[in-house]
Amino acid sequence: MALRFFNTYSRTIEEFQPLDPAGRAVKMYTCGPTVYSHAHIGNFRAYIFEDLLQRHLEARGYTVERVMNLTDVDDKTIRGSRAANLALGEFTAPFKEAFFEDVETLQIERADAFPAATEERFVAAMIAMIEKLIARELAYQAEDKSVYYRINRFPKYGHLAHFDLAELRSTGRVKSDEYDKEHVGDFALWKAWDEEDGDVWWESPWGRGRPGWHIECSAMATALLGEQIDIHCGGVDNIFPHHEAEIAQSEGCSGKTFVLYWMHCAHLLVDGQKMSKSLGNFHTLRDVLEKGYSGREVRYALIRVHYRAPLNFTWEGMDEARQALGRIDEWLRRLGESAAAATEAPEIEDDKFSEALDDDLNISAALGHLFEQIRESNRELDRGIEPARARAWLNWWERINRVLAFAAVEEETPAEIQQLAEERTQARLAKNWQKSDELRDAIQAQGWAVRDTKEGQVVTRRAGA
RNA sequence: GGCGGGGUAGCCAAGUGGUAAGGUCGGGGUCUGCAAAACCUCUAUUCGCGGGUUCGAUUCCCGCCCCCGCCUCCA
C-alpha cells in the first residue's frame, strides 16, 4: 500500500508523492520552539509526531531533509531578556541548549538544520522577501512604519484554515495598531522599532525594526529547502494565522505552490484541559523527568495516540507507558539470551507494522501489531525457541525500533549490585530464603530489580529508578 | 457566529456494510520457597443520542447532544 497522509490543505487523505522526480528525496520543514522558556510536553508531542513521520519515511526508503527553526526574537523573548536584564542572545542561548538536550532525551532525530531567526543571513533573506512583496504590491508600509501583508491581494488567503476573510473577527488579541492597517487581517512582515524592543533591532529599507514571526519561516524554509517543499508540519494552532501567512508570503514571492502536504497534530491536553500555569497542569519535559519518568517513557506516552486525535496526558498514562515498555524490555532480554548462540538469522517476513504507519501514521494499529507479535514470540520462548529464530525476532524488532526508538539505553550493572546478587545466589543455594529476600530488598532499594528464573537470577534496572 | 478535531470497556485506543485489534488496570489459573516475569483465561450483546437506507450499521445518510481547539504572533 502506498503512503497516505491527511493534508490539512485539502482536508482529505492523499497518496504521498514527493516533488523529487526520482521519488526519493523529501523536503520537510517543521516549526520549532520559541526559545523564551523550556519547551513543554505539548510542544514535544508535535516534535515527536514529526519525528515519527521522518523515521517512517526513512524506513520506507525516502531520504528526508528536515529543517526546524528556532524563534529567538519575538515579543516573548524580548520581554524575557529585558526582565532578566540580559542581551537577547544571552537570554535565549540557555533555552536553545536545553531544547537540544530535551530532543536528545526524547530520541528525536536531529534536523539537518536548526536555523535561528536572528542569524544575519536569514534576516537579510527576510528583508529581501519583504522587498519583493512590496514590489508586487502584496505588502505596504503603514503609518506606524511597520510593513504589512495586504491579504486582499492574495486570493488564496484563508484557504488553508478555511476561513472567509469577511468572517474574521477580532478576539481582542490584536494590538491597537490595527488602525494603521488597510485590513484588520493584514499581518506584520516587519515590525518598526519601539521602546519596548530596547536594543533589539536591525536596519532595513523601512527603518529600524525586527521581522514579523511568519516571515521567518518563509525565508528560512526557502533559503534552506527551496521555494517548494514536500511536507510542512506543526501543531493545529499554527494553521492560522502562521501557516496561512507562510503560504501568502512564500507563494507571493515565488508564484509556486509552497507546500505539497500540510500536516498538523492535535493538541495535548493535561487532565482533560489545556495546559496552563494557573491550573497547575503545565509541565515541561524536565518536570516529568523530575517525577522519576524516563525520556523513553515520555516518548511512548506522547507517541501512542494518533497525531490528529487530542491526547490527554495523565500520570496514569505515564505508568501505562512504563508497564508497556517494561514488557518490551523483558521480551528483548529473553530474546537476546536465546539468540546468543545463533549462527544465522532467517528473516521474519512481516511488514504489518510499517503498513499500519503507511496509513496516515496509524500508530495504534502499528503498536497493536507489535504487541501481538510480542505475545506470539513470548509463547515461542516459553516453548523453547531456536537461537536462529530468536535472532530473527530481534532483527525484526530492530527494524521497527528504528522508527519507534523505544529501546532502553544499555546500562552496566554496578559492581556493588553484582556483589549483592552473588551473595543472594549463595543464600539461595543454601535455601536461606530470609537472607535471599533481604538481599532482594537491598537491591531494589538501589534502583535495581532481581527476579528468579529457571536459569537463575536476572538483574535489571528498575523502571523509574 | 464561522472553521476544524474528537466521542468505542475502569482508563488509553484501533477498526470494518456482516456482527468489536491492542495497551493498561482488575479477577482466576500455570510456574515459583515467596515474589517477579511470561503464558493461559475472564471483563463492551455493544461503539454519544434519535431517525433513515439495508437482509444486516459501530461503520453510509439526516438531525441533535457533549468535549477540545482555532478565528491575527500558542505545537
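Both geometric conditions, a ring-centre gap below 5.5 Å and a plane tilt below 30°, are fulfilled for A/W433 over the base of B/rG33.
Residue-level contact check: A/R45 touches neither bases nor backbone, having no heavy atom under 4.0 Å from any strand. Backbone-only engagement by A/F371 is indicated by non-hydrogen atom pairs under 4.0 Å involving sugar-phosphate atoms exclusively. Backbone-only engagement by A/K76 is indicated by non-hydrogen atom pairs under 4.0 Å involving sugar-phosphate atoms exclusively. Among the atoms of the strands shown, base atoms are found under 4.0 Å from some heavy atom of A/L268. Among the heavy atoms of the strands lying under 4.0 Å from A/G234 are primed sugar atoms or P, OP1, OP2 only; no base atom is included. Residue contacts shown for A/R327 are limited to sugar-phosphate atoms, with no base heavy atom under 4.0 Å away.
In this entry B/rG69 has B/rC3 as its Watson-Crick or G-U wobble partner, both defining distances falling under 3.5 Å. Nucleotide B/rU24: paired with B/rG10 (Watson-Crick or G-U wobble, both distances less than 3.5 Å). Judged by Watson-Crick or G-U wobble contacts below 3.5 Å, the nucleotide B/rU54 has no partner.
Checked for salt-bridge contact, A/R379 and A/D382 miss the test: no charged N lies under 4.0 Å from a carboxylate O.
Counting to the nearest Å, the C1' atom of B/rC70 and the NE2 atom of A/H264 are 11 Å from each other. Spacing between atom CG of A/D437 and atom P of B/rU32 amounts to 17 Å, rounded to whole angstrom units.
Between the side chain of A/R383 and the base of B/rC39 there is no donor-acceptor pair of N/O atoms closer than 3.5 Å.
Distance noted for atom P between B/rG4 and B/rC64: 15 Å (whole Å).
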